[in-house]
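Working notes, structure below.
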Amino acid sequence: MTERSREVQQAESGPAPVWDVINGFAAYWALHAAIDLGLFAQLADGPATGTELADALGVHDPADLTLLAQLLAAKGLLETDGERWRNSVVSERFLVPSSPQTMVELVRHSPGPQVGWPALAATLRKGRPARQVSDALNALYPELVAATAATQAAVASGVATELRTSGRWDGTGLIVDLGCGSGAWLHRLLEAAPHAKALGVDLPHVLPAARDRLAGRDVTLVGGDYLDVDLPPRGASVVILAHVLRAESAPRAEALVGRALDLLAEDGVLLVADYFRPPDGAPTDTYASAAHDLTLALTMRASTLGRGLSEPTLAAWCAVRGAGTSAVVEPVPRQRVHLITLSEVPDDRS
Ligand SMILES: C[S@@+](CC[C@H](N)C(=O)[O-])C[C@H]1O[C@@H](n2cnc3c(N)ncnc32)[C@H](O)[C@@H]1O
């Protein structure tokens, strides 16, 4: 940009970008309150006036309900003819608790532990979150994995179909899921390949979520750190690293990729699902179009040693181990999954 055009921009600029950031906080809590009050669930039964809604939801003064509804309308989450309120198309699909694609629990849990945000400056100064913040994240994991299970199940189904139809996997052998969470990935891969066996690893207090979902299936669940637990080497047809790398420090994330590749049989496939942030050193536009991925990366930093992961970094970690991405699939928007194979088998594996 020339100095002159920067001067013009300065003369014309207003504080809107700053207000947008400040107001993001209030908009988040308005949505949270609407969910807590049961507003979207109530409107799923049909349009209603502010007074009817206030009555049904136990709001003391209908004027407060109306104010909340007006803000949600401004955000595209409600609509009105001036008298009655109804859900927007987006809310019907993603904010009504009974909808198959509901994000209600994600709204609550996606920002991670709330205590991490006011402490962010202290976390960045020290280089690590306070113990209290890490403990809050560990305590949150069971609810977080339950909240993401529906989306991850849809992604896993899409990946399973791709693996089978492309001939990358014959549906046999062992599937290993490192950080298996709700068990949604193992569940959907086993549905596509009923003769496969499965092994899931997660922290002991999170394992009951997967145990419930996978009851009656041929699955072994192991509690512990996925970098430390004993696992059978070089025998897996599929290894899964779904939404775990971005929350790990770079050395641990690289070690985890190495471990996952070591678990693979020679013709196996490593699946890496994540919200990839753009690499460092890109121009402003690149970051402006990646606000979602960058926000999730900073969300990691607020409560872990992770800073998110870029695709070139993942490629570099794989390349030094003789592996590379053979395809990228995005079965659900913003859910990118790398299918990684051992393109060159290093000498010590042959
Ligand atoms: C964001 S969740 C992703 C869960 C699952 N892979 C999915 O995509 O639905 C991250 C998972 O990693 C697990 N996790 C975190 N640190 C771990 C560790 N050191 N060892 C094993 N699992 C861990 C968490 O308990 C949680 O289930």
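In listed order, ligands and their atoms are each counted from 1.
The single protein non-hydrogen atom nearest to atom 9 (O) of ligand 1 is Gln152 CG, 3.4 Å, given as residue, atom name and distance. The closest protein non-hydrogen atom to atom 23 (C) of ligand 1 is Tyr226 CE2, 3.4 Å. Among protein heavy atoms, atom 10 (C) of ligand 1 sits closest to His243 O, 3.7 Å. Counting only heavy atoms of the protein, atom 13 (C) of ligand 1 lies nearest to Asp202 OD1, 3.3 Å. Annotation: atom 12 (O) of ligand 1 to nearest protein heavy atom, Val244 CG1, 3.5 Å.
Contact annotation: for Leu203 versus ligand 1, heavy atoms closer than 4.0 Å belong to both the backbone and the side chain. With a heavy-atom cut-off of 4.0 Å, Asp225 touches ligand 1 through backbone and side chain alike.
At a 4.0 Å cut-off, not a single heavy atom of Ala273 sits close enough to ligand 1 to count as contact.
Below 30°, between 30° and 60°, or above 60°: for His292 and Tyr275 the angle between ring planes is above 60°, a perpendicular geometry. The aromatic rings of Tyr28 and His32 sit perpendicular to each other, their planes meeting at more than 60°, with 30° as the lower class boundary.
Considering backbone and side-chain N/O atoms, Glu248 never comes within less than 3.5 Å of an N/O atom of ligand 1. Residue-to-ligand polar distances keep Arg246 apart from ligand 1: every N/O pair is separated by 3.5 Å or more. No N or O atom of Thr148 sits closer than 3.5 Å to an N or O atom of ligand 1.
When Pro204, Ala209, Ala242 are ranked by how near their heavy atoms come to atom 3 (C) of ligand 1, first place goes to Ala242. Evaluated by nearest non-hydrogen atom to atom 6 (N) of ligand 1, the leading choice among Gly179, Gly223, Gly181, Gly112 is Gly179.
The contact set between ligand 1 and Gly224, taken as ligand atoms under 4.0 Å from a residue heavy atom, comprises 20 (N), 21 (C). Of all atoms in ligand 1, numbered sequentially from 1 with element shown, those under 4.0 Å from a heavy atom of Trp185 are 8 (O). Residue Arg252 approaches ligand 1 through these ligand atoms, each under 4.0 Å from one of its heavy atoms: 19 (N).
Between Arg108 and Glu143 there is no salt bridge, since none of the side-chain N atoms of the basic residue sits less than 4.0 Å from a carboxylate O of the acidic one. Between Glu92 and Arg86 there is no salt bridge, since no side-chain nitrogen of the basic residue lies less than 4.0 Å from a carboxylate oxygen of the acidic one. Salt bridge Asp225/Arg252: present, at least one basic N to carboxylate O contact under 4.0 Å.
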task = List the steps and the verdict of side chain to side chain contact (heavy atoms under 4.5 Å, CB included) for Gln335 and Gln152.
result = CA-CA 9 Å; Gln335 298 280 340; Gln152 291 311 307; 3.3 Å; yes
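The residue from Ile340, Leu263, Asp262, Val272 that alone fulfils the side-chain contact (heavy atoms from CB on, under 4.5 Å) condition with Val239 is Leu263. When each of Val222, Val229, Leu227, Leu231 is tested with Leu178 by the rule side-chain contact (heavy atoms from CB on, under 4.5 Å), just one qualifies, namely Leu231.
A ring-centre distance under 6.0 Å is found for Phe276 and His338.
Listed here is the closest heavy atom pair of Ala297 and Arg277: CB-CD, 3.9 Å.
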